[in-house]
Asks: 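I have a structure I would like to understand better, so I am pasting it below and will then ask my questions one at a time.
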Amino acid sequence: MASVTYDHITKDYGSVKAVNDLNLNIEDKEFLVFVGPSGCGKTTALRMLAGLEEITSGQIKIDDRVVNDVPPKDRDIAMVFQSYALYPHMTVYDNLAFGLKLRKTPKEEIKRRVQEAADILGIGELLTRKPRQLSGGQRQRVAVGRAIVREPKVFLFDEPLSNLDAKLRIAMRSEITKLHHRLQTTFIYVTHDQTEAMTMASRIAVINKGTLQQLDTPQTLYDHPDNMFVAGFIGAPAMNFFKAKLRKDGGNLFVDAGSFSLNIPSERMKAFQAYVDKPIVFGIRPEDIYNPAFVPPGIHAATIETKVDVTELMGNEIFLYLLAGSDNIVARVDPRTDFHIGDKVQVSFNLDKCHVFDPETEKAIR
């Protein structure tokens, strides 16, 4: 097994920095996910580790071995691509065995590894078929199987589920997670889908414009984002942001967003004292906004007046798109909520879960 280290890694394409001073240590047997919008540098970071892109500066280590100048075939990694990259004229068996044959692996060993991978992935009955006879999900399993038979130190996945339909993508997510637990190998996975990242990763590296924004567990990223980009990227629907000011009135501290005002709980006042009478950005997640009839007990809640603009029934919840003055608000509320377009309604904010950001640096104020 292996750890992976990105040590001050930079990748330049002329004047464009695709990856900017990336420092990251991935532990042995960890499932790390690079997540970020398209073009943020996450795939470039993966391809540099695979040896498919040259490094402009810095070092990449697998265990304690610097691999900057090591050919891809000698890095003891296996990569699963978005496009599957199967040989159309070969059977599934031959696709799985091809890399081992190139390495002059004995026939019996090839047969053992291929059969073992096929059993793990449930594709034993497909070994005699050609790729054109397979569904998208089956092709993806074969692509993963081709990586498994290599028995590498590190598995690399480059958006492997993006070509699958939504239902199959959910099923394959759990399959890859189970595969990681079974193989107990280092997995490094790239996706732009934050739901994939949240459900699969041990830790998530959030990247934007080539720069690492935050590295932490899924729950910590969700509960304690370091900045507005992470706060807005992690979670669906995205966090609500409001331009506001902090003002003091007697012993109370208020967030004044113009169209509404919220009294901050006393337990959180100390962190915000330096921003009294200064502009801030107030953030709250849609799931922390409630129909007042269904507010959980024991929380600090503040109720505001809004108007319903759009409703979306999702079955187990309702998405409300609300207007408060000029501010747009998205809320995920209890499915028993009986609000209709055009209704003037009250909603309650959970102030124990609110976030405050510096508008200039966009960093969280804690």
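Both backbone and side-chain heavy atoms feed into the values below; hydrogens, waters and symmetry mates do not.
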Asks: Do the side chains of Arg336 and Asp334 get close enough for a salt bridge, i.e. N-O under 4.0 angstrom?
Replies: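 Yes, charged N to carboxylate O under 4.0 Å.
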
Asks: Are the side chain of Arg150 and the backbone of Ile77 linked by a donor-acceptor contact shorter than 3.5 Å?
Replies: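 Indeed, once roles are kept as given, a pair shorter than 3.5 Å links the two residues.
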
Asks: Report the residue from Tyr189, Phe187, Phe31 that forms a ring-ring contact (aromatic ring centres under 6.0 Å, His included) with Phe155.
Replies: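 Of all the options given, the one that passes is Phe187.
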
Asks: Just grab all the side-chain hydrogen bond (donor to acceptor under 3.5 Å, both in side chains) pairs involving residues 244-253, residues at least two apart or on different chains.
Replies: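 Found Arg247-Asp256, Arg247-Ser261, Lys248-Gln273.
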
Asks: Quick check on the 6.0 Å ring-centre criterion: do Phe242 and Phe260 meet it?
Replies: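 Yes, close enough.
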
Asks: Please check: side-chain N/O of Thr5 versus main-chain N/O of Asp7, any donor-acceptor pairing under 3.5 Å?
Replies: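 Here the side-chain-to-backbone pair does not exist.
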
Asks: Under a 3.5 Å distance rule, please check whether Asp352 uses its side chain to pair with a backbone N or O of His300 as donor and acceptor.
Replies: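 Looks like yes, one N/O pair under 3.5 Å.
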
Asks: Does Tyr6 reach the main-chain N or O of Gly58 with its side chain, forming a donor-acceptor pair under 3.5 Å?
Replies: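 Judged by distance alone, no pair lies under 3.5 Å.
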
Asks: Mind checking what makes salt bridge (Lys or Arg N to Asp or Glu O under 4.0 Å) contact with Glu30, not counting sequence neighbours?
Replies: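 Glu30 satisfies salt bridge (Lys or Arg N to Asp or Glu O under 4.0 Å) with Arg203 once adjacent residues are dropped.
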
Asks: Identify, with sequence neighbours excluded, every residue that meets ring pair (Phe, Tyr, Trp, His ring centres under 6.0 Å) alongside Tyr84.
Replies: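 Applying ring pair (Phe, Tyr, Trp, His ring centres under 6.0 Å) to Tyr84 gives none.
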
Asks: Scan for salt bridge (charged side-chain N to carboxylate O under 4.0 Å, His left out) pairs involving residues 12-26, sequence neighbours excluded, and state none if there are none.
Replies: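 Listed once each, the pairs are Asp12-Lys17.
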
Asks: Applying the side chain to side chain contact (heavy atoms under 4.5 Å, CB included) criterion to Pro160, which one of Gln140, Met172, Arg169 satisfies it?
Replies: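 In the set Gln140, Met172, Arg169, the residue that makes a side chain to side chain contact (heavy atoms under 4.5 Å, CB included) with Pro160 is Gln140.
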
Asks: Inspect the contact between Arg112 and Glu108 and indicate whether a charged nitrogen and a carboxylate oxygen are less than 4.0 angstrom apart.
Replies: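 No salt bridge links Glu108 with Arg112.
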
Asks: Using modelled atom types and a 3.5 Å cut-off, is there a donor and acceptor pairing between side-chain atoms of Arg173 and backbone atoms of Met200?
Replies: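 Absent.
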
Asks: What donor-acceptor contacts under 3.5 angstrom involve side-chain atoms of residues 222-232, with partners at least two apart or in another chain?
Replies:
| from | atom 1 | to | atom 2 | distance (Å) |
| --- | --- | --- | --- | --- |
| Tyr222 | OH | Glu287 | OE2 | 2.3 |
| Asp223 | OD1 | Gln219 | NE2 | 3.4 |
| Asp223 | OD2 | Gln219 | NE2 | 3.1 |
| Asp226 | OD1 | Arg366 | NH1 | 3.4 |
| Asp226 | OD1 | Arg366 | NH2 | 3.4 |
| Asn227 | OD1 | Phe229 | N | 3.1 |
| Asn227 | OD1 | Val230 | N | 2.9 |
| Asn227 | ND2 | Gln213 | OE1 | 3.1 |

Asks: For the aromatic rings, using the six-membered ring if either is Trp, is the centroid distance between Phe241 and Phe357 under 6.0 Å?
Replies: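 Close enough - the centres of the two rings lie under 6.0 Å apart.
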
Asks: Indicate yes or no: does Lys153 engage Asp63 in a salt bridge with an N to O separation below 4.0 Å.
Replies: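 Yes, this pair counts.
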
Asks: Name all pairs fulfilling the salt bridge (charged side-chain N to carboxylate O under 4.0 Å, His left out) condition that reach into residues 180-194, sequence neighbours left out, sorted by first residue then second.
Replies: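 Those involving residues 180-194 do not exist here.
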
